[in-house]
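Side-chain atoms are counted along with the backbone in the values below, which use heavy atoms only and exclude waters and symmetry mates. First listed ligand is number 1; within each ligand, the first listed atom is number 1. By convention here, the first residue in the shown sequence is residue 1.
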Amino acid sequence: MEKTKVAIVGLGTVGSGVARLLLDHGDRTARHAGRALWLEKAVVRDLARPRDCDLPDGILTDQLDEVLDNSDIKVVAQLIGGLEPARTVMLKLLESGKDVVTANKALLAEHGPELFDRARGLGRCIAFEAAVAGGIPIITNVSQCFSANQIHSIQGILNGTSNFIVSQMDELSWSYDEALAAAQALGYAEADPTMDVDGTDAAQKLAILAHLAFGARIRWSEIPRQGIDSLDSTDMQFASELGYRIKLIAHARLAAAGLELSVAPTLIRAGQPLAEVRRNYNAISVVGDAVGDIFFHGQGAGQMPTASAVVADMIDTAVGRAPITFRTLELWSSRESPVQILPDKDLPGRYYMRFQVYDKPGVMAKVTSILGDHHVSIASIIQHEPELDAGDNLVQLVIMTHEAPEGAASRAVSKIEQLDVVSGTAVRMRVMEAPRSK
Ligand code: NAP
Ligand code: HSE
């Protein structure tokens with residue numbers, strides 16, 4: 001049988017999974033590729049570190065040159081995280097004539113234009129299905145399967161670590177630290193988990209999806225974002241009382257004036273598909289004008305789901321499908337027209353607000369009149385009686401609003417925070433309604 005020699009650079013969580021699929025299930029890859037994908041080399045930084053896969057002798061090396069100088073190796077899975085040396089390694093691989101598969105969204109979100117230009121110039125290809133939502137084939141779907149559509153919106157849970165943390169806190173009452181440690185131990189988190197919990201990773205993935213779906217050349221750092229790192233379990237309890245769950249939602253919607261983009265903890269009505277996504281799962285709701293609503297659900301982080309996407313890309317690259325797609329799509333090229341990104345303050349939405357207020361006469365009137373002055377209409381209010389043993393006379397006041405512009409809601413909350421009957425800073429989160437087909 002014909003053989004395509006491949007290599008892996010970076011043999012951590014994902015790289016080891018890729019090695020296991022190639023070595024233990026070569027029959028599957030051969031059947032789908034019509035040729036054997038032969039793992040020739042696996043490059044690591046530290047040869048002594050234990051690996052989560054058994055490699056035949058002669059494969060493991062700490063010398064990248066053994067891949068670069070071997071012209072028989074055609075396809076390389078580049079699975080080093082972060083920006084450097086990942087970027088330099090990627091450029092060297094392309095320059096030495098390799099097609100590259102990667103799961104590194106940070107690298108693509110930051111250096112996509114440079115890397116794609118270079119690959120095009122060299123007649124090489126980059127495949128990156130695993131870079132967004134792990135095992136869910138969202139890149140292929142958005143960039144190819146929906147190409148007859150004008151996509152109207154993409155809303156999803158794109159970070160498995162954050163979703164794992166909030167769902168373990170919400171449903172099993174784990175502490176934040178306990179849930180984060182478990183997400184790291186399970187291989188879901190980035191080497192620096194700050195990127196997961198502060199919304200960076202989801203914003204990087206959203207920037208890639210917005211590029212594919214809307215041609216938006218947006219820097220991920222321009223996307224308004226908030227993570228789950230400041231989430232208080234008090235808000236999860238109130239959300240649950242109101243019939244909602246809190247999820248880290250990446251949102252992109254094409255409005256008449258431009259493109260709305262944001263990443264933020266968001267209340268979603270319990271029972272809605274996105275509200276029921278648990279643990280390391282991701283889910284993405286796409287609305288296109290022809291296809292209508294489509295919902296994807298699957299493991300967005302973790303060794304084997306991600307390896308599944310990487311190996312599929314390696315097969316597509318070896319058989320020549322990925323290079324054709326790469327050439328046709330012209331991703332991150334100068335051909336794309338930029339889309340107007342709407343400023344955060346223009347985005348309308350419903351809001352959950354929580355204030356800590358002194359339990360005395362007139363408080364509710366002061367708070368609600370400021371909301372009224374800003375044309376923010378109230379949908380419901382919760383205030384419980386103070387705890388019997390609470391000595392500070394403070395109570396939580398939770399308000400759900402009707403739809404209001406972000407700017408008005410934000411100004412009203414700032415004004416309320418200045419009242420002498422309010423203690424500390426308020427919490428404000430968006431409330432998401434179900435996506436609508438046009
Ligand atoms: P990881 O476990 O930290 O593995 C990274 C690997 O890169 C390590 O094996 C490390 O080698 C290797 N490496 C670093 N610098 C190197 C160098 N200069 N030369 C050769 N190897 C080098 O990370 P991971 O979780 O597998 O993630 C890899 C990529 O996939 C990241 O971009 C991540 O964002 C992305 N991703 C991860 C998941 C997931 O669930 N984990 C899902 C989707 C996408 P040593 O072992 O020798 O230190
Ligand atoms: N750290 C990422 C996550 C890995 O938790 O979603 C998948 O991209």
Side-chain angles (χ1 to χ4, degrees), residues 7-19 41-53 60-68 76-90 92-93 101-111 128-136 138-139 156-167 179-180 182-206 208 227-228 248 250 263 277 279-284 298-310 313:
I8 301 171
V9 181
L11 207 62
T13 304
V14 180
S16 306
V18 171
K41 289 286 166 196
V43 186
V44 296
R45 183 172 42 185
D46 177 2
L47 282 172
R49 200 179 136 190
R51 303 285 154 190
D52 191 17
C53 55
L60 199 65
T61 176
D62 58 0
Q63 297 302 311
L64 181 66
D65 285 347
E66 289 186 26
V67 172
L68 299 177
V76 180
Q78 201 285 86
L79 298 167
I80 303 173
L83 301 183
E84 284 296 353
R87 172 184 157 275
T88 305
V89 167
M90 180 91 117
K92 283 184 179 172
L93 289 168
V101 173
T102 188
N104 189 333
K105 59 273 158 156
L107 182 64
L108 298 183
E110 195 66 44
H111 296 298
F128 54 100
E129 182 60 73
V132 180
I136 301 176
I138 193 66
I139 299 288
I157 294 171
L158 298 181
N159 184 263
T161 300
S162 296
N163 198 62
F164 181 85
I165 293 172
V166 293
S167 80
L180 174 57
Q184 289 180 285
L186 289 163
Y188 304 152
E190 296 301 306
D192 174 4
T194 315
M195 314 262 291
D196 292 294
V197 297
D198 73 358
T200 297
D201 178 81
Q204 290 172 335
K205 291 167 176 167
L206 185 63
I208 294 172
I228 57 143
L248 186 70
V263 171
V277 177
R279 293 181 62 91
N280 60 319
Y281 279 71
N282 282 189
I284 306 159
Q299 293 184 69
Q303 183 178 60
M304 297 317 290
T306 312
S308 155
V310 171
D313 267 352

Is the shortest heavy-atom distance from the side chain of H111 to the side chain of M90 under 4.5 Å? no

Is any side-chain heavy atom of L47 closer than 4.5 Å to a side-chain heavy atom of L60?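 Answer yes - side chains close enough.
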
What residues form a side chain to side chain contact (heavy atoms under 4.5 Å, CB included) with T61, not counting sequence neighbours?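 Per chain and number, T61 pairs via side chain to side chain contact (heavy atoms under 4.5 Å, CB included) with K41, V43, Q63, E66.
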
Please answer whether the main-chain N or O of [Y] pairs with a side-chain N or O of [X] as donor and acceptor at a distance below 3.5 Å.
X: T306; Y: A130; answer: no
X: S16; Y: L11; answer: yes
X: N104; Y: A86; answer: no

Would you compute the distance between atom CD1 of I8 and atom CD1 of I80 and round it to the nearest 0.5 angstrom? 12.0 Å

Between ligand 1 and the protein, tabulate every N or O atom pair separated by less than 3.5 Å, reporting distance only.
from, atom 1, to, atom 2, distance (Å)
ligand 1, 2 (O), T13, N, 2.9
ligand 1, 2 (O), T13, OG1, 3.3
ligand 1, 9 (O), L11, N, 3.2
ligand 1, 9 (O), G12, N, 2.9
ligand 1, 9 (O), R51, NH1, 3.4
ligand 1, 26 (O), T13, N, 3.2
ligand 1, 26 (O), V14, N, 2.9
ligand 1, 34 (O), K105, NZ, 2.9
ligand 1, 34 (O), E190, OE1, 2.7
ligand 1, 34 (O), E190, OE2, 3.1
ligand 1, 40 (O), G187, O, 3.4
ligand 1, 40 (O), G302, N, 2.7
ligand 1, 41 (N), G187, O, 2.9
ligand 1, 46 (O), R49, NH1, 2.4
ligand 1, 46 (O), R51, NH1, 2.7
ligand 1, 46 (O), R51, NH2, 3.2
ligand 1, 47 (O), R45, N, 3.1
ligand 1, 47 (O), D46, N, 2.8
ligand 1, 47 (O), R51, NH2, 2.9
ligand 1, 48 (O), R45, NE, 3.2
ligand 1, 48 (O), R45, NH2, 2.8
ligand 1, 48 (O), R49, NH1, 3.1

Tell me every residue that passes salt bridge (Lys or Arg N to Asp or Glu O under 4.0 Å) with D313, counting only those two or more places apart in sequence or in another chain.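 Checked D313 against salt bridge (Lys or Arg N to Asp or Glu O under 4.0 Å); zero matches.
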
If you count only heavy atoms, which residues are under 4.0 Å from ligand 2?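 Residues near ligand 2: K105, L158, N159, G160, T161, Y188, A189, E190, D196, D201, K205, G300, A301.
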
If the test is side chain to side chain contact (heavy atoms under 4.5 Å, CB included), which one of D196, N159, V197 qualifies with I165?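 Between I165 and the candidates, side chain to side chain contact (heavy atoms under 4.5 Å, CB included) is satisfied uniquely by V197.
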
